[in-house]
Amino acid sequence: MTETKSEWNSRSAFILAMIGSAVGLGNIWRFPNVLYSNGGGSFMIPYIVSIFLLGISFVLVEYAVGFRFKKSIARILFTISKKLEPVAWFVLFVVFLITTYYVCVVGWDLIYVVLSFTKGWGANPDLYFANNVLHATDSVSGIFTIVPNVLVSIFIIWFIAWFINKRELNNGIGKVSQILLPLLCIMVVAIVGFSLTLPGASIGYTQILTPDWSALGNAEVWLAAFGQIVFSLSLGMAIAMTYASYLPKGSRLVDNAVIVAFSNSGFEVFNSIGIFSILGFMTLTSGIPFNELVTEGSGLAFVVFPQVFNTMGPAAHIIGPLFFICILFAGITSVIALLEGVCYSISEKFLIERKKTATVVCIVGFCISTIFATGAGSTILGIFDGFLNNFALLFAVLLECLIFGWIYKFDDLIETLNEHSNI
Ligand code: PFF
């Protein structure tokens, strides 16, 4: 049997859970590279435009729909039209598959949390990551070799996610977000503050202050801004819809959406100042050109940053763990959000209680994630990521836009949004 409908017990629980869902790997290691390769300071213009045009607008649609129907995405689409229910399951399937590899990356990070206390990656972090962490092979037979340390860390992340998601909403996601998010902010402020004191920091942060205005005429720059907003705000993944369905009557939807969108973007811009400053320090001390250091994703976090910590001296024993713990906290709050929409839809559709649903979903998820804990895991992960993020996710966003903007009477939602909002 399903339990009674969950409801957030405070506004801060909802807002922090929403910010937690948005702030993730995308903010920490994707954004600095997107910012740098798309004109530096001038990127802020398309970026801010895309926050308003796409980011806030899409979150508002998800909030309005979730709040109005107070149901899972599967039930909402079924209610609008029976024919639309498969779209919900397609979206949830994409979200679930994304979660299976996202958990793996958070698992790699967990390994680096442990290594960072002793700089356990040694003198050559590049080789260490490929050979000692991933045991990466190019051959297809790599799929038959399990990498035990990655498997264990993936298991731990799935276990943590299960432990949080199976609990009642406020005792699980609510409480964890209220603890991890403030801690994450304190750690990021400490890292950025420290990074600004490093010699060479200005080589890095001036990149954000130096605009390349010609980039504004480039359509790809605008596309990159919209892509970053989709990724960073976790649009189209039914997260905002799910979380908004748990809001009590009288909630200020528009105000909440604006707070969440700007907190998420504020976080990534602020965090980039720290990342750029640290990379500026590396350029000064090692002579490696800045543009070669601003890589994206795991290369930045698990290769470039360990290299930086190797040159940093004793402070790296504090900044290193803080950096990897930040990624861990940001990753966990995103994983639990990704899972919540999937679990809610399944438990509502099949009348299975929250705890059982979370258990089944996490066990199946863990089984799929084991593919990424093989010698060919990182290659497969790249393929999954490329297809799901560049194609499937954008397709899901498009479908949702069409459904809620076109098929469903959007004007009705405006009333819902404005009812109690100050903005
Ligand atoms: N918004 C989060 C991040 O930036 O990492 C969560 C997320 C976004 C997860 C997109 C997965 C994804 F494909």
Side-chain angles (χ1 to χ4, degrees), residues 16-35 47 50-51 54-56 58-59 62 90-109 157-158 161 165 173 177 180-181 184 188 224-243 257 260-272 275 296-298 300-301 324 326-342 365 368-369 372 381-398 400:
L16 289 173
M18 270 306 302
I19 298 175
S21 77
V23 169
L25 307 179
N27 303 60
I28 298 180
W29 75 32
R30 191 176 190 275
F31 182 72
N33 177 274
V34 173
L35 174 64
Y47 180 67
S50 64
I51 295 175
L54 180 66
I56 296 180
F58 201 93
V59 170
E62 288 207 27
F90 164 75
V91 170
L92 294 167
F93 185 60
V94 172
V95 172
F96 181 59
L97 289 183
I98 288 178
T99 316
T100 61
Y101 74 79
Y102 198 87
V103 164
C104 172
V105 182
V106 183
W108 293 344
D109 180 72
I157 303 299
W158 272 112
N165 281 79
I173 296 177
S177 307
L180 294 194
L181 257 280
L184 179 62
V188 168
F226 281 85
Q228 175 63 22
I229 286 299
V230 170
F231 194 95
S232 171
L233 270 176
S234 311
L235 301 185
M237 300 187 167
I239 296 175
M241 202 181 292
T242 305
Y243 280 1
V260 168
F262 279 101
S263 305
N264 174 59
S265 292
F267 181 94
E268 59 190 11
V269 172
F270 184 68
N271 171 67
S272 298
I275 302 263
E296 192 197 335
S298 49
L300 179 72
F324 291 110
C326 278
I327 298 182
L328 183 70
F329 284 4
I332 287 175
T333 49
S334 294
V335 168
I336 54 179
L338 290 165
L339 282 176
E340 180 62 20
V342 177
I368 298 176
S369 294
F372 307 115
L381 194 147
I383 299 169
F384 259 62
D385 184 42
F387 176 72
L388 291 170
N389 259 312
N390 298 333
F391 179 69
L393 184 58
L394 295 185
F395 186 57
V397 169
L398 191 71
E400 287 175 51

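Start at 1 and go down the list; that is how both ligands and their atoms are numbered. Counting from 1, the numbers follow the sequence of the chain as shown. We use all heavy atoms of the structure for the numbers below, so side chains are in, but hydrogens, waters and symmetry mates are not.
Nearest heavy atom pair, residue F231 against residue G26, reads CE2-CA, 3.5 Å.
Between S298 and W108, the side chains place no donor N or O within less than 3.5 Å of an acceptor N or O (distance only, hydrogens not considered). Between the side chains of Y243 and S21, not a single donor N or O lies within less than 3.5 Å of an accepting N or O.
The local environment of CZ in F262 is crowded, with over 12 non-hydrogen atoms from other residues, nucleotides or ligands closer than 6.0 Å. Heavy-atom neighbours of F395 CZ from other residues, nucleotides or ligands within 6.0 Å: at or below the threshold of 12.
The shortest contact between atom 11 (C) of ligand 1 and any protein heavy atom is with I98 CG2, 3.5 Å. Counting only heavy atoms of the protein, atom 5 (O) of ligand 1 lies nearest to Y102 OH, 2.6 Å. Among all protein heavy atoms, the one lying closest to atom 8 (C) of ligand 1 is F231 O, 3.0 Å. Of all protein heavy atoms, the one lying nearest to atom 6 (C) of ligand 1 is S234 OG, 3.5 Å. Summary of contacts: the protein heavy atom closest to atom 2 (C) of ligand 1 is A22 O, 3.2 Å. Of the protein's non-hydrogen atoms, M237 CE, 3.3 Å is the one closest to atom 12 (C) of ligand 1. Of the protein's non-hydrogen atoms, the one nearest atom 13 (F) of ligand 1 is N389 OD1, 3.1 Å.
Numbered from 1 in the order shown, with element, the atoms of ligand 1 that lie under 4.0 Å from a heavy atom of S334 read 2 (C), 6 (C). The contact set between ligand 1 and L25, taken as ligand atoms under 4.0 Å from a residue heavy atom, comprises 3 (C), 5 (O). Proximity to N27 (heavy-atom distance under 4.0 Å) selects the following atoms of ligand 1: 4 (O). Here is the list of ligand 1 atoms found below 4.0 Å of a heavy atom in S232: 1 (N), 4 (O).
With a 4.0 Å heavy-atom cut-off, ligand 1 is reached by the backbone of S21 but not by any atom from C-beta on.
Looking only at distances, no side-chain donor or acceptor of N271 sits under 3.5 Å from a matching main-chain atom of F267.
I239 contributes atom CD1, which lies 10.0 Å from atom CD of E340 (distance to the nearest 0.5 angstrom). The structure places CD1 of I51 at 10.5 Å from CZ of F226, a figure rounded to the nearest 0.5 Å.
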